[in-house]
Structures are given as C-alpha cells and as structure tokens.
Amino acid sequence: MEIAKAYNPKEAEATHYQTWEANGCFAPEINENPLAEKYSIVIPPPNVTGSLHIGHALQHTLMDVLTRRKRMQGFRTLWLPGTDHAGISVQRKVVEQLRRDENKLPQDIGREEFISRAWKWKEEFGSTITEQMRREGASVDWSRERFTMDESLSKAVRFVFVTLYNEGWIYRGKRIVNWCPKDKTVISDLEVKEETRKDGKLVYLRYPVKDSDKQITVATTRPETMLGDTAVAVNADDERYKNLIGKTIFLPLTNREIPIIADEYVDAAFGTGAVKITPAHDPNDYEVGVRHNLEQLVIMNDDATMNANAGTEFEGLDRFKAREKVIEKFAELGLLEKIEDYEISLPICERCKNIIEPLLSEQWFCRMDEMRDLALDLMKTEGAPHFYPNVPNEKVYTNWLENLKDWTISRQLWWGHQIPAWYDADGQTFVARSFEEASEKAGTTELTQDADVLDTWFSSALWAFSTFGWTGEGEEEKRRRGERKSDSQIGNEQLTKDEEQRTKNDLETFLPTDVLVTGRDIIFLWVSRMVMLTEKFTGEKPFADVVVTGTVLGKDGKPMSKSRGNGVDPLEMFDKFGVDATRVYLASIATGADIKWNDSQIETFRNFANKIWNATRFCLLNSDGAKVDLASLKLDENASIADRWIVSRLNKTALQVNKSLDRYFFHEAVRLLYQFFWNDFCDWYIELVKDEITGDSLSLAHSPSSENNDAENINEGQRTKDKGQIQARSRILTILEQALRMLHPFMPYLTEELWQKLPNVSSDLHHEAYRDAKQTIMLADFPLGDTDLIDERAESEMQTVIDLISKVRNIRAEMNIKPSDKPAIHVAANAETQKIFAANEAQILKLARAEKLVLAETLGVPKASAKAVISNAEIAVPLEGLIDFEKEIARLENQVNKLETERQRLNGQLSNANFIERAPPEKVDEIRERVAGIETQTKTLKQNLEALI
RNA sequence: GCCGACUUAGCUCAGUGGUAGAGCAUCCGCUUCACACGCGGGAGGUCAGAAGUUCAAAUCUUCUAGUCGGCACCA
C-alpha cells in the first residue's frame, strides 16, 4: 500500500466531513437501537454576524469530543447547532450597509423594508460560522439547525412573553435605564462595562438660595445634567444646611426654582454635603425624586444631544459640548467654585464602547424575584446544574442570583422579536400572541404594536427547549408535560411504547440536555436565564452539567482583541497545523483554566498527529496476511510479556480515558492517550515486536499463484513462524485500531483517514447500534477498557526489561560508545528475574545494541566495566579499552549521591517516632522497603566505585 | 470597598495529603530499514514569601506580596 511519509491534514479534511454528513452519521436517527439511551447537547448559538474565534473552537472541540465518544458508545446522540439573531450586531451591520451603499438612514426605508434587508443580510452572510464549523469537524446534526428567529422559536418567544405578562412577571414602566446614544437603545446592566478614567473632573457649582445671600455648592462630574435638576438634597442632620431645608433655589441658566430637600441618601461627610438631584438622569436621584415626588425632567434626546427642556441656549448641543458651555456660563456668572481632577469610572457600552447615558425611559422589564428563587432552589435542593469546574463557578452563579435585579427586556431596535403588545387609541395595552388575538381582546383592529423588540437574550433563554420544537401553543403541550411527570412513576412496562414516541418527539427525547459547554462571561446572561425559563415552562432542567471553559489569551497574556492585535485565528491554525492538532491542543487545556496561546504547544500535537500517521504507516507496511481482529488480543498462557503488557496498558488507558471524560477532564484524557500512543505503543511496543513482524518470511515472499506449487517445499517450522508472524501483525494492527478509536473524538480526520486504510475494517467493528451504517470509525465501538485484562505482573515485568535497557543505553551514551560497537551485557539477578530477561533476550540485545546477554546469580566481569543497578538486578557492561575511568567514577558517584539524598530523606521519616506510630502501617512498611532497596543498590554501587579507585 | 482565582524548570503548563512531571527551549550523541514533525542520553525546580494544622504539605488554614477576574460604589 502506498502511504505518504508525512501526514497531510488537508487531504483528510477535504473529504471525510462530507461523507459523514451525507451518510447521516450526525443525526440521532443513525442509531438503530430503539432502546438506546440519549445524549444531547445544544450549542451556545453563535451570533450570525460572527466568524469563528478561538473560544468557539475550544468549546466546539469539547462538545464534539463528548458527542463523538457517546455516539461511539451507542447513545442516541444529538448535538444541535444553530445561530443567534444578535439584535444589535445585525442591526448595526445593516445600518452600515445602507449608509455605505445607498447613503440612507433606516428611517428612509422604513421598518418593514429594513427587516427584509436584515433577513437578506442574514441569508447572505449568516452562514459564515456554520461553514467554519464544518471545517472544525463538528458532528452536529444540520437537519436540526435552528435560528432564534425561526417561526417556531418566535412562537415560543411570544407564548413565553404573554404568559409571563399575564402572570405578572413582565411589566412596563418608566425607569432609569442604561441608554446607548450610538445604538439608540436601552441595554441591560450586564451589557455595560466600566472604564476608569484618570482625567475626570469634579466640578463645584454654586446655587444661589432665594431670599438669601447664601449659596449652596454642589459637586458633579456631569455638569450638563444641572439643567435637569429639580431639587438639591442635604442630610437632615447636617448643621450647615439645616435651616435651609424647605427653602428654594434659583437654578442658574434656567428660570426655574427648585426646592432644598432633606434625604438620608445624602452623606453629610462626603463632598460638600449637598447633592444636586436630577431624577431623569441618575438612578439614585430617581429614587430620591420618587420619595419627594419631584418632577422628572428629561433634558436629552435619544442621541444624547440636549432637548428643548435644557433651554434654547443648549438645545441641540451634544452632551459634552453642553457640559463645557455650562461650566463657561457658571464661570461668567461667578458661580463656578472650582474644578478638581477626579478619577472617574464611566459606564461604557460593551459593543460600541460609547459612554452610556443613564436616562429615564419607558421600558419592558422582567421581574426576577420568583425566577431567581426557582434557580436558587434547584441549586439548593438538587445541586443543579452542576458546574465543572465547580470552584469558583457555582459560587459566582449563586452570589449573582442572590443579588439579581429586574431585567430590562425591551430594545429600541427593529431587528428581533417585536414585543407582542398592542395599544389602542386610548393607550390601553393588549398583550397577545398575535394581532388577531389582541384585536379580539381589544374589540377593535385600530391597534398599534409596540415598536420595540426583545433583548436577544430573551430568545436565547428559551434555546434549551424552543430548539426541540416547543412553541407553547395549544393544550397539547401541557398535557404532555403532565404525562411525562407520571411516566417515571409508571415504570418500565411502558418503555417500548414510549420509545416509539420518543424517536418522534425531540422535546421529550432530548430535554433535559446532558451538558452545556460555555464561557464564563455568559453564566449570567444566558446560563442562569435558561435555568429559570426552562424550569418555569417545561418543568425540566435545561441541562444536567455546565462545563465552563476558560479564556484563551493572546501570546502577550492579555485577552485577544482586535484593538490589541493579539488575536489568533483558528482557521489560520487549521491551515498551519491541521484541524486535528488544533483540536487536541485545545482539549489539552485544563478545564476552565485560562491559557496563553502558545504555538509550540500546538506544534507538539501536530507532531503527535504525524507520529500516529507514521506508526500506522509502519503497521501497514508490515501487514501482509494480517487483519484487524479483536480475537488477536485474546492472549494465551504462552503470550509474550510485551503482548501481555501492551494489552494491559491499552485497557488501563481506556478505563482512565473514560473516567477522565466522565468528569470533563479532557486534558487528562489527552495526556493519557498521548503517553499511551507515543511512549507505550511507539517507543516500546513497536520496537519490541519489530523483528517479529518485519521482513518477508519465506512463504510470504511467494506470490499467491506460486504458493500452491511450492506448498510441499515449505517445512513445518516455517509454517509455524509464518503463522506467528501473521498473528503478531494482526495483534499490532488491532492494538493500533483500538488506539485510533480512542483518539477519534479528539482527532476525527486523521483517525478516519488511517482507519479506512487498515485491512479488514468494516461496519462489523461498529457499535451494535450502527451495524447497517456505512463503515466509519466514528461509529466504531469506543473502548471502555476491561479490568480483567489489566495484568499488573506483566506491567512490572516489562518495567524491569525497560529499566535494564535504559540503564545500558545510559552507559552507552555516557561512555560515548559508538552505535556500531556492540558490547556484552552482564546481569546478576535471581532466577525469576533472569527468566524475564531470558525471555526477552532478542529485544534487549536489539534495543540496547548489545552482542550478548550473560545472566547469572553474581557478576563476574573485568574491572574495566561500567556498572549500574536497578531495583532487582545488577548490570555490568565490560568495556575493555573503551572505558574512561574518571567518567565512570563520576557517573557512579552521581548515582550514589542521588540515592543517598533519597535515603536520608526517608530515614528522617523512619526516625520520627510519631511517623511510625501514626502513619498507616502500609506506609511505614513501604518506606522501610524502599530504604532497604536503596541500601542494597548503594552498597553495590559503592563496591563498584571502590574497585575503580 | 466586597468576593474570587492564580503564582510550580528558561518558556507554556499538568499535578487537591505520601519518591516534583510534560511539551518546547537547552546540552551530548545518532542518515538505527514508520517517523529529523524523528531516535537515544543528560542537565535544569527552597513548588511567590511567612506562619500554622499534620507522622507527612506544591496540595489544607491564615497572613503578606504580585498578577488577573467578577460585583458594588462613584454628588
């Protein structure tokens, strides 16, 4: 078979994904077993405006690893893909497109046309990320792809909104909100970020008191808001101002008079002790205003320019221009006391980085108190969802819930789910799932729908169940919910009947999902809201577990960002190192840990991919007559140590890999597989059996046609040898094949490419749930590992052989013995250990590059020998004429010193009476044994040393 | 201000009570018939610092320092 010398990822990446998809491998329907347990994951829907970044690649890799393993283990597996309509982002793209191409504003074309343009934009550019996911190898079921604005998901949104409204969880009201003047919409607290500015100013303004020559000085960082002041507040106990309470102030730059009020919000010790109150532009002032029934004077437009309420001199000015002008005017009037430098933190719009303006505005809100309790109860009573890693995520989650405030759910955008509320001519509100329903309620069709849309996260919050077809419509849903609760009580008799329905009904089959894999940053925005709304509307948990991934930082250790230019494009990595290498690297990051991007690490896994390629290449180059055959791993009593050892290692690895993945320790699974494949399989097993499986033996050299003619010429011995060789070849192929299966979830392309090349692979190797499917490694049975096949004795015997070879290699290297020189190896050991070495003589001679192996009870070698000890044997390599005595002395001293340090440490423990008394006896014995072992070795080394001096 | 995480070899990182590890880099040797994206062999660490708990601490507790997050406040 022709096989290239190095792995070329591009070839494998080009073909297999299409084949898997075409053969329906990603859909749960591929599973032929009606009783199969389900395993489901919904993807955190990426924004349609997005393109794949390294965080997606990380999360998708983990989800794919989980999904692929479970699928291989015969679960009815669904990983559901989809995208989020990303309200503000798409709106901004379309606004930009409109401006650039037609020099128009959204108002110019109207809402309807704007929305149709947005859909067009989505159709045209919205599939970038889903295309990129194909490249990643993500085994998602594209037939179930969802979009948050699909009709069925939109129905769900309306149903939920109406229900929550009717139950009093959603209300409309005037509140101070975070207003983004750039996007001209309200945004939630979670979308506001803080930015500290050192160049802030604190401006002290003097307000003249009416009927008095007194002035009150107030300090502010936003002087322009004084135009909207409707009071000055002081603390009632403040002696300085006590007698001014109830008096009136002439508010400069306006012709308004405002009261001086007392409120406990004011801290007499802070600043001047007097606070200007602007109820329409500050949340605290708003509260004060409500308490004192103050006028709420809005002085800004939605683009943060001043409006008519600010006075003719200021109307139309930008807020920052107005600020300067207010200061100027106060200075002119002699009312500017001073300006101090002041470090200030500004609220910034997370997306557009503009400064947020707190603004009084009428919005829709979602009350969170009861929903918070739903979520908190789940955590308290069931520990659900379970976070991985648990620390610190669970605590962060619950702390946040405990301090939750109401959620502003309306947005002043056109792209999104328009709020299903209608107003009649009198301003009465009718909340309904459709215009028809609203008209019916209102008794008129003269209705106007609320212009706002819902926060994108509102529809995302339903993602765990709306994606499975839940729309909330009709009584059916409720009935099903009721049925489902009782199903579990009825028991197993109903199973078969239910199974039929299960395959038809995604909601019942796949909810709750098994795990959510997502980033820390959206635990609040998304995870918590899914928990609340899924529980509220389906009575189910959205997911059992939450895996919280860390942040992949740039090479400079800072979060990746366009402005820093430290981003890493996953697609570039795919091109440079291959998809598989990138995936394993991402999976090798400790769960939840932040990591600095590091090219050398990913190269490690590129090299690993190549190693796997070449190991397979080796097996294939020596595969004549052999085949993948699980029976070849059933070893009899005559089996070699190497075979027993590798089978044991394989099964131990499989057990540990499964255990690691069960607790989402992807990095541990990667490490186990890397070590098994490279160290155990390549470095030792291949080398140990190389002679046995390479080279044409006599009969194999014959072409099949001549074989019959020459059959009688082949003697029995040769026949046995051939048979043994073919068995050995099958065995190594089978071990390899098992390893490829375990590697598949991490490295799907490489493993499929190689697996298909192995002799005798077929769908017979599939898990029994996929016997009829076309042969692919992705449906092969993922090894669980068998404790009965773990052979500790073989492992320790093999270790003895490895130790011996390593020591001789060490001597060779330290003594500068040429590769072509083949010394003898003398070993002194007990009879049992001698047997082990004797059984592996050929391998020892080959791997240590030695000429002969002399086994005895005691060493009888010339003085000019290099020596070493291992736990149960003494080794000597006679080096007549080659030995450098000084070097040998140094080498032995080095070994003695190492042992001595260790011995002293252990003796320290043993001489501690408390240790002997309180430590577990096994532990004490273990230490004693080790000291004894060290002493024997040291004694031998010292004798050798003395002999040299 | 409150809460939390992190600090381990030159670099990037594993390691949750019992012999400090990996990859890369480095040093020495090797065209050994799968692989130089390789093979073999070395060197390199007071586990940030201090105190404590324990027979035993990188690991548990407290404090200190530095780094980074989250939340709150900000007249």
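Just so we're clear, the structure is a prediction, and the values are computed from it rather than from any experiment. Per chain, numbering begins at 1; letters A, B, ... match sequence-line order.
- Contact annotation for A/Arg606: base contact, defined as any heavy-atom pair under 4.0 Å involving a base atom.
- If you check B/U19 for Watson-Crick or wobble pairing at under 3.5 angstrom, you find it has no partner at all.
- As a whole-Å value, the separation of A/Trp684 CH2 from B/G38 P is 18 Å.
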*Starting from the C-alpha separation in whole Å, work towards a yes-or-no answer on side-chain hydrogen bond (donor to acceptor under 3.5 Å, both in side chains) for A/Asn178 and A/Asp189.*
CA-CA 7 Å; A/Asn178 306 298; A/Asp189 293 348; 2.9 Å; yes
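- Residue A/Phe605 is out of contact with every strand shown, counting any heavy-atom pair closer than 4.0 Å.
- In this structure, A/Lys690 satisfies the cation-pi test against A/Phe618, with its NZ or CZ atom closer than 6.0 Å to the six-membered ring centre and inside 45 degrees of the ring normal.
- With a 4.5 Å cut-off on side-chain heavy atoms, A/Tyr207 and A/Val218 count as touching.
- Side chain of A/Gln601, nearest nucleotide from B/U19, B/G23, B/G41: B/G23.
- If you take CG of A/Asp521 and C1' of B/G70, they are 12 Å apart, rounded to a whole angstrom.
- Below the 3.5 angstrom threshold, one finds no donor paired with an acceptor across the side chain of A/Lys5 and the base of B/C35.
- In this structure, A/Lys193 reaches neither bases nor backbone, as no heavy-atom distance under 4.0 Å exists between it and the strands shown.
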*side chain to side chain contact (heavy atoms under 4.5 Å, CB included) evaluation trace for A/Glu692 with A/Arg729*: CA-CA 8 Å; A/Glu692 198 181 356; A/Arg729 288 175 168 187; over 6 Å; no
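- The CG atom of A/Asn810 sits 19 Å away from the P atom of B/C39 (whole-angstrom rounding).
- In this structure, A/Glu935 places its CD atom where more than 12 heavy-atom neighbours from other residues, nucleotides or ligands lie under 6.0 Å away.
- Residue contacts for A/Val924: at a heavy-atom cut-off of 4.0 Å it reaches no nucleic acid atom on any strand shown.
- Using a 4.0 Å heavy-atom cutoff across all strands shown, A/Glu814 reaches sugar-phosphate atoms only and no base atom.
- Here A/Glu340 lies out of heavy-atom contact (under 4.0 Å) with every strand.
- In this entry the distance linking CH2 of A/Trp613 with P of B/C35 reads 14 Å, nearest Å.
- Summary of the strand contacts: A/Thr616 and A/Leu906 both lie near RNA chain B, and taking for each the nucleotide with the nearest heavy atom, the more 5' one is attributed to A/Leu906.
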*A/Ile260 and A/Tyr241: side chain to side chain contact (heavy atoms under 4.5 Å, CB included), yes or no, with the steps?*
CA-CA 9 Å; A/Ile260 299 171; A/Tyr241 303 117; 5.9 Å; no
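- Counting any heavy atom pair closer than 4.0 Å across all strands shown, A/Asp267 reaches a base atom.
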*For side chain to side chain contact (heavy atoms under 4.5 Å, CB included), just list the numbers for A/Ile875 and A/Val869, CA-CA rounded to whole Å, side-chain angles, deciding distance to a tenth of an Å, and then say yes or no.*
CA-CA 6 Å; A/Ile875 303 158; A/Val869 286; over 6 Å; no
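- The NZ atom of A/Lys887 sits 14 Å away from the P atom of B/A43 (whole-angstrom rounding).
- With distances taken from any side-chain atom of A/Pro819 to the nucleotides B/C74, B/C30, B/G41, the minimum falls on B/C30.
- The side chain of A/Lys596 lies closest to B/U12 when the candidates are B/U12, B/C55, B/C35.
- Within 4.0 Å (heavy atoms only), A/Ala233 reaches no atom of the nucleic acid at all.
- Nucleotide B/C24 holds its P atom 14 Å from the OH atom of A/Tyr585, rounded to whole Å.
- Comparing the same atom, P, in B/G44 and in B/G4 gives a spacing of 40 Å after rounding to whole Å.
- Contact check, A/Asn607 against B/G38: a side-chain N or O comes under 4.0 Å of OP1 or OP2.
- Using bins of under 30°, 30° to 60° and over 60° for the plane-to-plane angle, the ring pair A/Phe608/A/Tyr674 lands in the tilted bin.
- The base-pairing partner of B/G40, taking Watson-Crick or G-U wobble contacts with both distances under 3.5 Å, is B/C28.
- Rounded to a whole Å, the CG atom of A/Leu847 is 11 Å from the P atom of B/G41.
- Nearest nucleotide to the A/Ala813 side chain, out of B/C74, B/G41, B/U32: B/G41.
- Looking at heavy-atom distances under 4.0 Å, A/Lys276 makes no contact with the nucleic acid at all.
- Residue A/Glu902 places its side chain closer to B/U19 than to any other of B/A34, B/C55, B/U19.
- Atom-to-atom, CD of A/Gln656 to P of B/G15 comes out at 15 Å; the value is rounded to the nearest Å.
- In this structure, A/Glu394 reaches neither bases nor backbone, as no heavy-atom distance under 4.0 Å exists between it and the strands shown.
- Listed nucleotides: B/A5, B/G38, B/U19. Nearest to the side chain of A/Lys611: B/G38.
- You'll find that the side chain of A/Ile686 is closest to B/A34, out of B/A34, B/C24, B/C3.
- Taking a pair to require two hydrogen-bonding distances under 3.5 Å in either a Watson-Crick or a G-U wobble arrangement, B/U7 pairs with B/A65.
- Between A/Lys898 and B/A43 there is a side-chain N or O to OP1 or OP2 distance below 4.0 Å.
- Listed nucleotides: B/C73, B/C39, B/G18. Nearest to the side chain of A/Asp683: B/C39.
- As judged by a 4.0 angstrom heavy-atom cut-off over every strand, A/Asn816 is placed among residues making no nucleic acid contact.
- At the heavy-atom level, A/Cys619 lies nowhere under 4.0 Å from the strands shown.
- Nearest-nucleotide mapping onto RNA chain B: of A/Arg663 and A/Ile805, the residue sitting toward the 5' end is A/Arg663.
- The side chain of A/Phe915 sits closest to B/G18 out of B/G18, B/U19, B/G41.
- When heavy atoms are screened at a 4.0 angstrom cut-off, A/Lys818 is found touching no nucleic acid atom at all.
- Counting distance only, with no hydrogens placed and no angle test, the side-chain atoms of A/Glu194 and the base atoms of B/A72 include no donor-acceptor pair under 3.5 Å.
- The base of B/C24 does not come close enough to the side chain of A/Thr604 for any donor and acceptor atom to sit less than 3.5 Å apart.
- Listed nucleotides B/C55, B/G41, B/A34 differ in distance to A/Ala919; the shortest reach to its side chain belongs to B/C55.
- Note: A/Trp597 and A/Tyr585 have perpendicular aromatic rings, judged against thresholds of 30 and 60 degrees for the angle between ring planes.
- One finds a side-chain N or O of A/Asn894 lying less than 4.0 angstrom from the OP1 or OP2 phosphate oxygen of B/A43.
- Nucleic acid contact class of A/Leu202 (heavy atoms, under 4.0 Å, all strands): sugar-phosphate only.
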